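Here's the structure, in structure tokens; my notes come after.
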Amino acid sequence: MNRAGTDSLCSTTRDYLICSQCHRVLSKEKKMLISQPSRGPSAFIPEKEFGQSNDADKLVNRLVEEYSTSGRLDNITQVMSFHPQYLESFLRTQFYMLRMDGPLPYHYRHYIAIMAAARHQCTYLINLHVDEFLNTGGSSEWLKGLEYVPQRLKNLNEINKILAHRPWLITKEHIQKLVKTGENNWSLAELVHAVVLLAHYHALASFVFGSGINPERDPDASNGFHPVVKSKLCVCDLANDNNIENTSLTSNNIENMDSESELEALMERMKKLQEEKEEEEASQEEMATRFEKEKKESLLVISGAFDTDMVSMTNASRYIEDPGFGYKDFARRGEEHLPTFRAQDYSWEDHGFSLVNRLYSDIGHLLDDKFRMVYNLTYNTMATHEDVDTTMLRRALFNYVHCMFGIRYDDYDYGEVNQLLERSLKVYIKTVTCYPERATKRMYDGYWRQFKHSEKVHVNLLLMEARMQAELLYALRAITRHLT
């Protein structure tokens, strides 16, 4: 696009461009490239990939009828439908949080979802829950922003902010402040319901951005799109290669050969690691050292092309305070030491599950089923190869996310992470997990180039659930400390 075309879309200051559509502030050097948005469920996955078998279609339609709160087959559901077993567990759990008996009023549940999605400027989820909020009796006044909501809801802002970006900072004092006696206090049951919703929607924002989920179409609108839904794929996103066919990654035979050799090398490393594990296990001291090394290195993984500071001026900002607070602060400035959370001292299976189930009945079972489903999900394939045991790869993905949040498993050798996860994949994981609003199509296309889209969606499901579990572990540990 020429200079005049860029100026018509962005007002300029001395050092920055301000996008007139989404109002984000970007550096002046940003190149503006406009591309026709994809009309499928995902901007990253070709629409033709979504042709299901009749049996799969029937199952997905049944699940939507049974568990969809919006009553329609939305784009998230379509992308997740690559994995129908997981989809059923996901929809059942989400339906329980939003629609079944629980400590919180229905309109509160959707407003909390909006607050959570706003931490990552996820307009897709915000728009979805604005409609749901109004449909369940919520006041339109609250949609003007946090200053219009009851103080009780406003008090959730601090825990929303910390859980979304630096969950290791949550302490029992944060819990005590919310449950202390007074007219704006939360019961522990209400607070656990709220924490589960916050963690769910922070993690779901990671999936939305990591999978390039497109805005919903409105069949009643003449152009096929709901007029009030603003695509997250704005000019400034497109400038960062979202939704632009990245032909440089797939355009010639030489690069296809490179990606094939990458796949073979990955499989060879998996085989070698398995053989080494059978021969001799590393000592506890060595495993602890490897964890600290991986944790330190994860801080040096630069996340994406939006690495310069980005100021948020989107409509999402009305639902949050302190929009500049993020994961990046501790990593760059070194103001806080990322402590190690030993999973053996407080694990989901032995501690979190029973606490959450006691305070918010049955949600523990649903969450546990969902975590186990995604962790154990396998078709024993890797790209074009069949009869492959992918356990090692799935565990590396899940544990790398927890490593970035300071969570260590004593029985896991973190040397495997460096062996199995290439740098481009680490960049993608860190972006999707910690700064999902920066995820781009180039990042999605750039790792595991021989793998199927369904396999990359599985990666996103693993990242989403690992992130949610990490947030829950920190929050539930703080609640446990408050109770003891």
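Everything quoted here is computed from the prediction, not taken from an experiment.
Of the N and O atoms on the side chains of T340 and E292, at least one donor lies less than 3.5 Å from an acceptor on the other residue. The closest side-chain donor-acceptor pair between H107 and N135, if any, does not fall under 3.5 angstrom. Between N184 and Q151, the side chains place no donor N or O within less than 3.5 Å of an acceptor N or O (distance only, hydrogens not considered). Between T390 and T378, the side chains place a donor N or O and an acceptor N or O closer than 3.5 Å (distance only, hydrogens not considered). Side-chain atoms of E216 and Y124 include a donor-acceptor pair closer than 3.5 Å. Inspection of the Y428 and N460 side chains reveals an N or O donor paired with an N or O acceptor under 3.5 Å. H120 and E437 share a side-chain donor-acceptor pair at under 3.5 Å.
Cation-pi contact between K456 and F451: absent, since separation from the ring centre below 6.0 Å together with deviation from the ring axis within 45° is not met. Judged by a 6.0 Å distance limit and a 45° cone about the ring axis, R166 is positioned over the six-membered ring of F325.
Qualifying side-chain hydrogen bond (donor to acceptor under 3.5 Å, both in side chains) partners for E276, counting only residues two or more places apart in sequence or in other chains: none. H458 meets the ring-ring contact (aromatic ring centres under 6.0 Å, His included) test with H83; sequence neighbours excluded. A search for ring-ring contact (aromatic ring centres under 6.0 Å, His included) contacts involving H402 returns F398, Y409, not counting sequence neighbours. Legend: residues meeting side-chain hydrogen bond (donor to acceptor under 3.5 Å, both in side chains) with N418, ordered by chain and number and at least two apart, are E294, E297, K426. Residues meeting the side-chain hydrogen bond (donor to acceptor under 3.5 Å, both in side chains) test with H365, sequence neighbours left out: N357. Judged as a salt bridge (charged side-chain N to carboxylate O under 4.0 Å, His left out), and not counting sequence neighbours, R481 has no contacts. Residues satisfying the salt bridge (charged side-chain N to carboxylate O under 4.0 Å, His left out) criterion with E349, sequence neighbours excluded, are absent altogether. Take W186 and apply the ring-ring contact (aromatic ring centres under 6.0 Å, His included) test, not counting sequence neighbours, and it matches no residue. Residues satisfying the side-chain hydrogen bond (donor to acceptor under 3.5 Å, both in side chains) criterion with Q419, sequence neighbours excluded, are absent altogether. Scanning for salt bridge (charged side-chain N to carboxylate O under 4.0 Å, His left out) contacts around K144 gives E141, with sequence neighbours left out. Listed by chain and number, the residues in a salt bridge (charged side-chain N to carboxylate O under 4.0 Å, His left out) with R408 are D410 (sequence neighbours excluded).
Of the inter-residue distances, the one linking I213 atom CD1 with F44 atom CZ reads 9.0 Å to the nearest 0.5 angstrom. Within the model, atoms OG1 of T171 and CZ of R477 stand 10.0 Å from one another, a figure rounded to the nearest 0.5 Å. Atom-to-atom distance recorded for E455:CD and H453:NE2 is 11.0 Å, nearest 0.5 angstrom. Note that OG of S81 and CG of L63 are 10.0 Å apart. Values are rounded to the nearest 0.5 Å. Between atom OG of residue S317 and atom CZ of residue R119 there is a gap of 9.0 Å, rounded to the nearest 0.5 Å.
A distance below 6.0 Å separates the ring centres of F50 and F82. A distance below 6.0 Å separates the ring centres of W168 and Y327. The six-membered or imidazole ring of F90 lies near that of H200, with a centre-to-centre distance under 6.0 Å. In this structure, the ring of Y201 has its center less than 6.0 angstrom from the ring center of H129.
Of all the heavy atoms in H193 and M97, the pair that sits closest is NE2-O, 3.0 Å. Summarising the geometry of A343 relative to I407, their closest heavy-atom pair is CB-CG2, 4.3 Å, with the distance given to 0.1 Å. Residues D389 and M270 share a closest heavy-atom pair of O-CE, 3.5 Å.
In terms of modelled atom types and a separation under 3.5 Å, the side chain of N376 and the main chain of R372 share a donor-acceptor contact.
Residues R99 and T136 form a side-chain contact, since some pair of their non-hydrogen atoms from C-beta on lies under 4.5 Å apart. The side-chain heavy atoms of L476 and W348, taken from C-beta on, include a pair separated by under 4.5 Å. In this structure, the side chains of M373 and E465 stay at 4.5 Å or more apart for every pair of heavy atoms. By the 4.5 Å heavy-atom criterion applied to side chains, Y96 and Y360 are counted as neighbours.
Sorted by first and then second residue, the salt bridge (Lys or Arg N to Asp or Glu O under 4.0 Å) pairs involving residues 81-96 (not counting sequence neighbours) are R62-E88, E88-R92.
The 12-atom threshold is exceeded at NZ of K452, counting heavy atoms of other residues, nucleotides or ligands nearer than 6.0 Å. No more than 12 heavy-atom neighbours from other residues, nucleotides or ligands sit within 6.0 angstrom of CD on E386.
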Chi angles and distances behind the side-chain hydrogen bond (donor to acceptor under 3.5 Å, both in side chains) call for H351, D345: CA-CA 9 Å; H351 307 91; D345 297 335; over 6 Å; no
